[in-house]
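Working notes, beginning with the structure itself.
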Amino acid sequence: MSKITIIGAGSVGSAIANNMVTMGIATEIVLVDINRQKAYGEALDIYQGITYCSPAIVRSGDYPETKDSDIVIITSGIARKPGQSRLELAQTNVNIIKDIAPQIVSVAPNAIYIIVSNPVDVLTYVFHKVSGIPENRIIGSGTALDTARLQSELARRFHISPKNVHAQVFGEHGDSSFVPWSLVTIANNNIDEYKALCPEPENVRWDRDYEELEEFVRTSGAKVIKAKGATFYAVAISVCHICKCIFDGAGTALTVSTMMHGEYGIDDVCLSTLNLVDRNGVRGKILNKLTDEEVAKLRSSAEKLKEVIHNVEI
C-alpha cells in the first residue's frame, strides 16, 4: 500500500495525480485544494479511467483525509503575473506554504514532503524553517525538471537513448542554474569525445555547444508557457519519477533541492546538487568533484537565492 497526498489540484497537481495512476505508483491518491469542487472533479475524472490502470483509489478530501500519507506533494501557489516581480511572487507563495505547513504536518507527520511550488528552492527552505519535519524528509523538486530537459535534448542531438546520457543541472531552478559539464558523459564517454568513438558520427550534432544548451534549458519553460499558457506535463513526470525512486528504495541519484550545510562552501540555503533518494527520503548528498569554475557558479546561484530569502518574511 502506498498513499500519496497532492496539495493543489491545478494543472500541475492534477497532472501529477493522473500520471501516478497511469504509472501505477500509488494505491491511494488524495487531492486537496482550497477549491474543493475543483479537487473533486479532477479526482473523479482520473478515477473513472482506473479500469485500464493498476488498482488505486483516487479521491478528493481535506487535511484529515491525508492521515498516514507516505508522500505529500505540495503544488499550491500562484503563477507569476505580468508586471509582478519575482520577489512579490516569492512572498505570496511563502505565505501559502506557511499556511499549509501546520495543517498538513499535524495529520501527516511521518510523510516525505516534496515541494513543487515556485520559487521551489525558496519555498523548500521556508518549509524547512516552519514545518518541524526532519531534513531528510523534505525534498524540493529543484532541477529534476531542468535535468530531464537537458538529457532529452542531448539524447536528440547525440541520437541515443536518454538513459545513456548522464548530465545534470545544478543550482537554482531558475536563471542561475548551470550544467557541470566536467561530469557529463554519453554512454560512459566524455561528451566531447563520444562523436569520434561512436558507430554513427554523422548522426551526432555536437560542437561543444555548452552555452547554447544551458540557454535552451533555462528558456524551455518560457517557450512552453508562450506556446500553450503553462507548463505541467514534464514537471508532473519529473515529480512522479522522484516518487517512484522513493518507493523503489534502492537509492537513486537525483538533482533535487535540499538544505546545504557547508558543501562546496555553501550553507543555509536550498538548491539542487546530486542526492541519493530512497524510502527514507534523502539519504545524503553525492559530493561530485566540480571544477573551480563550477563551484563558483554554484556559490553564485546560492547567493542569488539567499537574496530572495533575506527579503521575504518567514
Would you say that [X] contacts [Y] through its side chain, given a criterion of any heavy-atom pair below 4.5 Å between the two side chains?
X    : Y    : value
R137 : I112 : yes
F127 : V105 : yes
I4   : M20  : yes
I314 : I309 : yes
D267 : H261 : yes
V30  : S69  : no
I138 : T258 : no
S257 : H173 : no

Give me the atom names and distance for the closest heavy-atom approach of [X] to [Y].
X    : Y    : value
A187 : I160 : CB-CD1, 4.0 Å
S117 : T75  : OG-C, 3.0 Å
Q168 : P180 : O-CD, 3.3 Å
A155 : S161 : CB-C, 4.1 Å
T231 : G221 : CG2-O, 3.5 Å
V204 : C198 : CG2-SG, 3.8 Å

For [X], does the [atom1] atom sit with more than 12 other heavy atoms under 6.0 Å from it, leaving out its own atoms?
X    : atom1 : answer
Y40  : OH    : no
Y63  : OH    : yes
I50  : CD1   : yes
E313 : CD    : no
Y47  : OH    : no
K163 : NZ    : no
K98  : NZ    : yes
K306 : NZ    : yes

Is [X] reaching over with its side chain to a backbone N or O of [Y], donor-acceptor style, under 3.5 angstrom?
X    : Y    : result
N275 : V256 : yes
E65  : D62  : yes
N280 : D278 : no
N311 : E307 : yes
T147 : V169 : yes
Q151 : A167 : yes
D248 : A250 : no
R279 : I246 : no
R299 : Y264 : yes
R36  : S60  : no

For the [atom1] atom of [X] and the [atom2] atom of [Y], what is their distance to the nearest 0.5 Å?
X    : Y    : atom1 : atom2 : result
N93  : I78  : CG    : CD1   : 5.5 Å
R218 : L213 : CZ    : CG    : 10.5 Å
S2   : I71  : OG    : CD1   : 8.0 Å
L290 : K297 : CG    : NZ    : 11.0 Å
I191 : W206 : CD1   : CH2   : 4.0 Å
I115 : D121 : CD1   : CG    : 11.5 Å

Check your understanding: Do T5 and T66 get their side chains close enough for a donor-acceptor pair, meaning under 3.5 Å?
Key ->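 T5 vs T66: no donor-acceptor pair found between side chains.
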Practice item. For E294 and S182, run side-chain contact (heavy atoms from CB on, under 4.5 Å): C-alpha distance rounded to whole Å, both residues' side-chain angles, the deciding distance at 0.1 Å, then the answer. Key: CA-CA 9 Å; E294 290 164 352; S182 66; 2.8 Å; yes
Sidechain N-carboxylate O distance under 4.0 Å for [X], [Y]:
X    : Y    : value
D207 : K195 : no
D209 : R157 : yes
D268 : K129 : yes
R149 : E153 : no

Cluster overlap [X] with [Y], hydrophobic side-chain contacts below 4.5 Å:
X    : Y    : answer
I133 : I139 : no
V239 : I74  : no
I73  : I100 : no
Y113 : Y125 : yes
V12  : V32  : no

Exercise for review: For the residue pair F178 and F170, categorise the inter-ring angle as parallel (less than 30°), tilted (30 to 60°) or perpendicular (more than 60°).
Suggested key: perpendicular
Check your understanding: Picking from S238, C243, C245, what satisfies side-chain contact (heavy atoms from CB on, under 4.5 Å) with H241?
Key -> C245
Point to revise | Test side-chain contact (heavy atoms from CB on, under 4.5 Å) applied to L271 and E172, step by step | key: CA-CA 5 Å; L271 46 65; E172 172 200 11; 5.7 Å; no
Exercise for review: Evaluate the side-chain hydrogen bond (donor to acceptor under 3.5 Å, both in side chains) criterion for residues E200 and N203: first the C-alpha distance (whole Å), next the side-chain angles of each, then the deciding distance (0.1 Å), finally the verdict.
Suggested key: CA-CA 6 Å; E200 300 172 332; N203 290 331; 3.2 Å; yes
Review point. Which residue pairs pass the side-chain hydrogen bond (donor to acceptor under 3.5 Å, both in side chains) test with at least one member in residues 6-32, sequence neighbours excluded?
Key: E28-R59
Exercise for review: For side-chain contact (heavy atoms from CB on, under 4.5 Å), just list the numbers for W181 and E214, CA-CA rounded to whole Å, side-chain angles, deciding distance to a tenth of an Å, and then say yes or no.
Suggested key: CA-CA 10 Å; W181 292 103; E214 291 194 34; 2.8 Å; yes
**Study point:** Test side-chain contact (heavy atoms from CB on, under 4.5 Å) applied to V282 and E135, step by step
**Key:** CA-CA 8 Å; V282 180; E135 287 191 3; over 6 Å; no
